[in-house]
Structure formats: C-alpha cells, structure tokens
Amino acid sequence: MLRSSQNKPQNMAKTVKRNFPVTGMGCAACVARVQGRLQEQKGVRSVNVSLASNSAQVEYDPSVCTPEGLRKAVQDAGYDLIVEGTEDQADDEADRRREEDRTVLRRQTLVAIVSAALMMMLGMAFRPFPGKGYILWALATLVLVYCGRRFFAAAWKQLLHGSANMDTLVALSVTISYGFSVFNLFFPEVLADQGHLYFESSAMIIAFILLGRLLEERAKQGTTASIRKLMDLQPRTVTVQKVEVEGGMPLYKEYKVPVDQVVPGDIVIVKPGERVSVDGVVTDGESYLDESMLTGESVPVWKTRGSAVYAGTVNRDGSFFIRTTGAGGDTVLASIIRMVRDAQGSRAPVQQLVDKVAAIFVPVIIGISLVTLAVWLLCGGPVALALTAMVSVLVIACPCSLGLATPTAIIAGVGNGASRGILIKDAASLQVASKVTAVVLDKTGTVTTGTPRVVSSWWHPAPGVDDAPDILYSLELRSGHPMAEAIVSELRDRASQLTVREFENLPGRGVKGSVEGITYYAGGRTLLSEVLPNESVPDERASVFLFSEAGILAYFIVADTVKPSSAGAVQALSDLGIRVVMLTGDNAASAEAVAAEAGIRDYHAGVLPGEKALYVKSLQEKGAVVAMVGDGINDSAALATADLGIAMGKGSDIAIDASMVTIVSSDLGKIPSLIALSKRTVRIIRQNLFWAFFYNLLAVPVAAGVLYPLCGFLLSPMIAAACMALSSVCVVTNSLRLTRR
C-alpha cells in the first residue's frame with residue numbers, strides 16, 4: 001500500500017509545492033496572465049495554472065517569497081488567490097465562494113432568459129406600437145445592469161490592469177449593440193435608413209453566455225468529482241478510547257473528538273458501518289474492510305490483530321480497535337489526495353502551444369473586429385450590418401474552449417485513474433503512457449506476490465539427529481530473509497524452538513548456529529558448496545538446505561507464487577502490441593518457471609540492479625518507449641531511467657518516489673488499464689484542441705461576413721453568442737467521457 005511521505009525529512013528540499021485556488025478567471029487569456037505574473041515572482045520555481053480546476057500549482061522557495069506575496073502579484077493582475085489556512089481549508093473556502101457564485105449565476109441566467117424571451121416576443125410577434133422601443137430598452141437595461149454586470153466589472157478590472165480577457169469581448173459586444181440601439185431609439189433621423197434596434201441581440205448575447213457558463217460550471221464539477229469524492233472520504237470526527245483512573249481503578253472511556261486532535265499511539269474505535277478515520281494497526285477485534293476507494297478492488301479485505309488499516313476505508317459488520325500511526329494530513333488517503341491534486345493541476349506538454357495562442361487571443365480578436373468594421377464601411381456597407389459583423393466577431397470568438405480543452409481532459413483522466421487505484425503523478429506521465437511500446441517487469445513483488453512459499457520438502461536426518469525440523473525452525477526464526485519466513489511458516493505448527501548458540505547471519509548465503517554442540521547451516525547452494533564442496537545437489541530445483549558438516553539433513557523447494565492477474569495482464573499488453581520483458585536477479589530456473597506461468601516469452605535472469613537500468617537504456621536506444629514496473633529499492637534506478645516509471649503501491653518509498661505512476665493495489669492488471677486510459681485521454685485532448693482551434697478559425701471569418709458577398713449570409717450576434725457558449729460546453733462534455741470507466 002502506498003505510504004504517506006509526510007514524515008520524511010524535508011531538509012533536503014528547499015522548495016514548497018502547493019495548490020492555491022484562483023478566483024476571477026474566465027478564459028485561457030486569464031490563465032496566461034495569472035501564469036505570467038506568478039512566474040515573474042522571485043523564488044518561484046514552477047507554476048501550473050488550470051482553468052478547469054480554477055487553481056494554481058506553485059513550487060516556490062519559502063525563504064524568498066510567501067503566499068501573501070504571491071496573492072499580491074495575482075491581485076495586481078486583476079484576480080485573487082486564496083492562501084488562508086491549509087490546502088483543504090483553502091479549497092473549502094473556494095468551494096463556498098463558487099457555490100455562492102453559482103447561486104447568483106443561476107438567478108441571473110433565469111432573469112436574462114426570461115427577459116430576452118419577452119423581448120424576442122415583443123420584437124418579432126408584435127407589430128410596432130407606441131412605446132415599444134422604450135419597453136425593449138427597459139428590459140435590455142435590466143439584463144445589462146443586473147445579469148451582465150459580472151462581465152462589465154471583470155472587463156473594467158482588466159482594463160485598469162492593462163489587459164483583456166473573455167469578459168472584455170462580451171462587454172464590448174454588448175456595449176456596442178446596446179449603445180447603437182439607444183442611439184437609434186433617441187435619434188432615429190440620423191440613421192433613418194438603418195434605424196434598427198438591437199436590444200434583443202444585447203440581451204440574448206448575455207442570456208446565451210450566462211447559460212453557457214452555467215452548463216460549463218456543472219460540467220467542470222463533473223470532471224473534478226474524483227478529488228471531491230476522495231476528500232469526502234476523510235472523516236471529520238473519531239471515537240478515541242482513553243484510560244482514566246477513578247477510585248484507584250482504571251476505566252476505559254470513549255470520546256468523540258475531531259480527527260485533527262488524534263496523535264500517533266492513540267487507540268481509536270471503529271464500529272460496524274463506520275469509515276476508518278486514521279491509519280493504524282488493529283490491536284483487537286476483526287472485520288472485513290472495503291478498501292475499494294483506495295485500491296479500486298471491490299472485494300473486501302479481512303482485517304485482524306496486527307493488520308494495517310487505512311483512513312477512508314469502510315468497516316463492514318465487525319468492530320475493532322486501532323493503534324494510530326497516522327492521522328489528518330499524515331495518512332495514506334491524504335497523500336493520495338495530494339498526489340491527485342498535484343496531477344490534476346499539472347500541465348501537459350501540448351498545453352504550451354495553447355498558452356502562446358491564449359496570450360494574444362483577445363487582442364487579436366479585438367483587432368479583427370475593428371478590421372471587420374473598417375472593411376464593411378470602406379466597401380460602402382450599411383452601418384448596421386458593419387456593426388452586426390463586428391459584434392458577431394467579438395461574441396463568437398471563444399478563448400474559453402482553448403483554455404478548457406487540455407486541463408478538463410487531464411483532470412477527468414487523472415480522476416478516473418485514481419478511482420481505480422492508479423495514481424498518476426502529472427499530466428506529462430499520462431501523455432507518455434499512451435506512447436509506450438515496451439513494458440519491463442521486475443519479477444518479485446510485481447509479477448509474483450513477493451511472498452515465497454514451500455512447494456515441496458525432503459528430509460534425511462543424520463543418525464542421532466531426531467529434531468531436524470526443530471533445528472531448522474530455530475535457525476530460520478532468527479533470519480529475516482523471505483525464504484526463511486517461508487520455512488518458518490511451513491514449520492510453525494509442527495516444530496519447537498530450541499536454544500541456538502553462536503548464531504551468525506551470513507549475508508547473501510544463509511545462517512548458521514550451534515545446537516547441543518553441533519554447528520548447523522541453513523541456506524542456499526552457495527553456502528552448501530562452501531561447507532560441503534563435494535556434496536552433490538539432490539534436486540536442481542532445491543533452493544534451501546539444512547545441513548551440517550556431516551551432510552545434508554533436508555532441502556526445500558521454495559518458490560514465489562505468480563499473482564492471479566499477471567497472466568491476463570501480460571496477454572492484454574501483448575494484445576495492445578506492446579513488448580513485455582521480465583528482469584530478475586533470481587536464478588534461471590526460477591525465472592523460467594515464473595515466465596512460463598505468466599506467459600512471458602522474453603525474460604532475463606541474474607540481472608543486477610544496475611544492469612536493469614542499462615537494459616532499459618538499451619531498449620530506448622533502439623527506439624522503444626519503455627515503461628518500467630517495479631516495487632523494490634533495487635528497481636529505483638531503472639524506474640528513474642525509463643520513459644514511464646510505474647511503482648507497485650506495496651513497494652518501497654524509494655521506488656514510489658522514483659516513479660511517475662503508482663498502482664495502489666499492486667495489481668499488474670492495472671497496467672493495461674493505465675495505457676488504455678492514457679490513449680483515451682490523449683485522443684480526447686486532441687479532439688478538444690481540434691474543435692477549439694477549428695471552431696475559432698472557421699467561426700471568426702463567418703462572423704466577419706466572408707459569406708455575405710457570396711450568398712448574402714450574415715451571422716446574427718445572438719446565434720454567435722449561442723455558438724460561443726456551445727463551444728465551451730462541447731469541450732467540457734467531451735472530457736466528461738473520461739470519467740466513465
């Protein structure tokens with residue numbers, strides 16, 4: 001299981017990485033401006049601003065800059081950064097503000113739609129009557145002042161800071177159509193031949209854009225649902241057992257306390273149906289736990305005394321006590337939330353092109369609208385049509401779709417993986433996974449369970465030695481080797497512990513000790529050949545021997561078991577056209593047996609840790625995009641060398657830190673799922689970007705009136721507003737497909 005790194009020494013890292021909620025952003029131009037301002041600050045190492053999550057992921061040197069300083073920089077750009085409290089508290093505050101804004105947005109959208117519909121009915125269904133224009137003016141003014149004030153306020157704030165964004169385009173277009181209509185209403189004789197009123201257009205523009213934003217916000221909530229679900233798994237309170245002395249007698253009492261007050265060593269009670277609130281070890285009781293929210297595996301796990309349990313998991317029907325090892329921000333769940341939050345806030349390499357376009361998008365569109373107006377007037381076109389084309393250009397251009405194309409897909413893809421126990425470190429990792437052509441697997445703990453067991457045994461005690469099982473059990477009980485643990489497990493029910501003197505651990509070879517004056521050895525072939533060089537090995541498959549200088553007393557075939565999912569995972573990878581290779585430091589016979597059972601044709605035995613990294617490099621030199629899958633310290637170099645390092649969650653912290661993806665459940669079957677998810681995410685990003693660029697490249701010229709000389713078609717600003725709103729909604733809705741399994 002993935003472990004929290006909160007308690008690791010932090011003196012090696014001089015920087016802090018934190019996600020800050022950003023308020024006031026509405027399009028890709030906003031993202032570019034916030035990104036630029038934060039990057040300019042001294043001490044800031046990296047910045048990733050996401051429109052989809054309305055957040056800024058900042059890595060900075062706390063000795064050079066502070067969150068308050070970062071906030072001041074963002075405020076100077078016309079936006080705001082929420083820096084108060086912890087990340088969770090800042091997120092809660094951001095959620096509160098967003099919910100308040102959504103409430104206002106729903107109200108404004110409803111008023112705008114009703115008012116615009118009334119105006120359309122008055123304008124089209126009724127013949128002219130005295131005061132009709134003034135009624136339309138009053139309704140349009142209501143829509144602008146109440147419903148559209150957010151656009152004007154944001155545009156004015158941007159103007160004060162010398163920049164422009166999507167709100168600027170909306171404010172300009174509405175002001176032009178509204179102002180032109182007011183002028184024609186009060187001075188109809190000046191432009192008598194085109195004294196049209198466009199109050200309906202100004203109201204409809206606001207109504208459609210507000211509706212689009214409302215739909216967009218709901219869709220964006222869907223893409224970020226995974227992180228909210230993870231955060232909801234964190235219980236706020238916990239039942240703690242404390243011992244109090246009354247009348248000289250110890251009494252056990254239960255107290256309900258906030259989870260933040262729990263410290264390591266506290267005894268926590270978990271009752272039937274409750275969610276576990278802390279990480280810890282079961283001290284008493286037993287039950288089945290649902291760990292699917294962490295591992296993605298639906299089968300409940302049996303927990304009894306000594307079992308590790310994790311915050312966020314659900315107790316079924318038993319009850320038990322836990323000795324706390326981690327609580328609050330120091331749990332596995334908290335570390336997963338941090339990893340998912342960081343990944344969702346990261347930027348894919350393809351985003352660089354979008355950033356460059358977004359930085360100049362709004363000024364370019366304003367320039368195109370002015371050119372459109374000038375060309376129409378110079379060609380002798382009516383002022384009304386020239387203004388219509390200008391307004392349509394301002395309204396139809398959509399930097400929002402550009403800004404949402406990549407981050408919404410990344411957030412949805414990373415969230416999908418997290419819900420299945422696949423933790424992706426960043427957007428670049430997700431993108432690389434789609435290109436993998438070769439997967440290199442470590443054997444122990446990756447293809448196999450990592451827990452050796454005795455397959456068969458042979459006993460031939462020497463004359464006078466009647467307690468060979470007791471001798472072997474006593475020797476191996478003092479060894480920490482996995483092979484020894486398998487022997488101890490096999491003999492536990494039928495052997496007794498003897499007194500062993502002069503015990504010595506022989507690294508890499510075995511152990512030795514004296515029992516009743518006779519020295520016995522337990523170990524592998526290397527130790528056997530050292531002590532008994534002329535002794536022949538009775539079985540080539542034998543891996544553990546018990547012997548004295550008089551000869552072999554017993555030998556065992558100890559083998560690691562292949563995980564149930566390994567063969568299916570290897571077949572699935574092969575079906576994807578991916579080459580599968582297994583590397584192991586074990587002997588050839590063991591490697592061959594595991595490879596045969598797992599269906600791996602390409603394997604190499606006796607490979608040292610450094611050689612694994614060299615092998616990965618050799619594949620890369622041949623043009624392969626390599627994913628390395630491992631779980632041990634000896635895999636860390638290869639994990640770091642590979643294009644995509646994948647660590648098994650039950651592996652070492654070093655392996656997890658060196659990897660780009662962590663499989664929480666250590667299920668090899670998640671690897672094909674990861675690659676398939678990556679391919680889907682990249683495909684949807686490309687679809688989103690194609691739609692965003694194609695839409696703007698096609699829509700802007702049409703709105704400018706290029707079709708008018710050919711067929712007399714000129715786009716209405718109302719239709720332009722609807723198209724713009726639909727563009728963003730389409731991009732986010734397409735990304736939402738990634739939230740489905």
Do the non-hydrogen side-chain atoms of [X] and [Y] ever get within less than 4.5 Å of each other?
| X | Y | result |
| --- | --- | --- |
| Q431 | S678 | no |
| S429 | L644 | yes |
| I422 | L677 | no |
| V440 | V629 | no |
| V488 | Y473 | yes |
| V581 | V439 | no |
| T641 | Q620 | yes |
| I671 | V661 | no |

Any chance CZ of R323 has more than 12 other-residue heavy atoms, nucleotides or ligands included, within less than 6.0 Å?
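Open.
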
Step through the shown structure and confirm whether more than 12 heavy atoms of other residues, nucleotides or ligands are within 6.0 Å of CZ on R501.
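No, not enclosed.
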
Identify the two heavy atoms, one from [X] and one from [Y], that lie closest to each other, and give their separation to 0.1 Å.
| X | Y | answer |
| --- | --- | --- |
| A409 | S735 | N-OG, 3.4 Å |
| W302 | S307 | O-OG, 4.5 Å |
| V626 | A642 | O-CB, 3.6 Å |
| P672 | A569 | CG-O, 3.7 Å |
| V570 | G599 | CG1-O, 3.5 Å |
| F547 | L532 | CD1-CD1, 3.9 Å |

Please identify which of these residues, I600, L583, I646, meets the side-chain contact (heavy atoms from CB on, under 4.5 Å) condition with L441.
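Only one of I600, L583, I646 forms a side-chain contact (heavy atoms from CB on, under 4.5 Å) with L441, namely I600.
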
[X]-[Y] side chain donor-acceptor pair, cut-off 3.5 Å:
| X | Y | answer |
| --- | --- | --- |
| T331 | D279 | no |
| N416 | T739 | no |
| R737 | Q687 | yes |
| T519 | S514 | no |

Does the [X] side chain pair with the main chain of [Y], one donor and one acceptor, at a distance under 3.5 Å?
| X | Y | answer |
| --- | --- | --- |
| S548 | A550 | yes |
| D290 | P300 | no |
| D442 | G445 | no |
| K443 | T448 | no |
| S618 | Y615 | yes |
| S474 | L498 | yes |
| K679 | S434 | yes |
| T662 | L423 | no |
| E611 | L608 | yes |
| K563 | S666 | yes |

From CA spacing to verdict: side-chain contact (heavy atoms from CB on, under 4.5 Å), T437, I578
CA-CA 5 Å; T437 58; I578 295 173; 5.9 Å; no

Between [X] and [Y], is there a side-chain N and carboxylate O pair less than 4.0 Å apart?
| X | Y | result |
| --- | --- | --- |
| R579 | D602 | yes |
| K435 | D643 | no |
| E530 | R509 | yes |
| E485 | R492 | no |

Run the salt bridge (Lys or Arg N to Asp or Glu O under 4.0 Å) check on E291 and K303 step by step: do they pass?
CA-CA 11 Å; E291 296 184 340; K303 300 290 182 177; 3.1 Å; yes

Working to the nearest 0.5 Å, report the span between [atom1] of [X] and [atom2] of [Y].
| X | Y | atom1 | atom2 | result |
| --- | --- | --- | --- | --- |
| L668 | S566 | CG | OG | 5.0 Å |
| R453 | F556 | CZ | CZ | 14.5 Å |
| L491 | D470 | CG | CG | 9.0 Å |
| I675 | L430 | CD1 | CG | 11.5 Å |
| L674 | I424 | CG | CD1 | 5.5 Å |
| N48 | S46 | CG | OG | 6.0 Å |

Between L475 and Y520, is a side-chain contact (heavy atoms from CB on, under 4.5 Å) present by the stated rule, with each step listed?
CA-CA 8 Å; L475 286 171; Y520 294 95; 3.9 Å; yes

Evaluate side-chain contact (heavy atoms from CB on, under 4.5 Å) for K17 paired with Q57, printing each intermediate quantity in order.
CA-CA 7 Å; K17 181 183 284 188; Q57 182 187 95; 4.1 Å; yes

Given side-chain contact (heavy atoms from CB on, under 4.5 Å), test M483 with I487 step by step and report yes or no.
CA-CA 7 Å; M483 291 282 196; I487 299 294; 5.8 Å; no

Could you please spell out the steps behind the ring pair (Phe, Tyr, Trp, His ring centres under 6.0 Å) verdict for F545 and W458?
CA-CA 10 Å; F545 301 86; W458 179 86; 9.7 Å; no

May I ask you to establish whether R478 and F503 are in a cation-pi arrangement, using a distance under 6.0 Å from NZ or CZ to the six-membered ring centre and at most 45° from the ring axis?
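Geometry flag: set, cation within 6.0 Å and 45°.
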
Any residue meeting salt bridge (Lys or Arg N to Asp or Glu O under 4.0 Å) with D284, in chain and number order, not counting sequence neighbours
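D284 satisfies salt bridge (Lys or Arg N to Asp or Glu O under 4.0 Å) with no residue once adjacent residues are dropped.
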
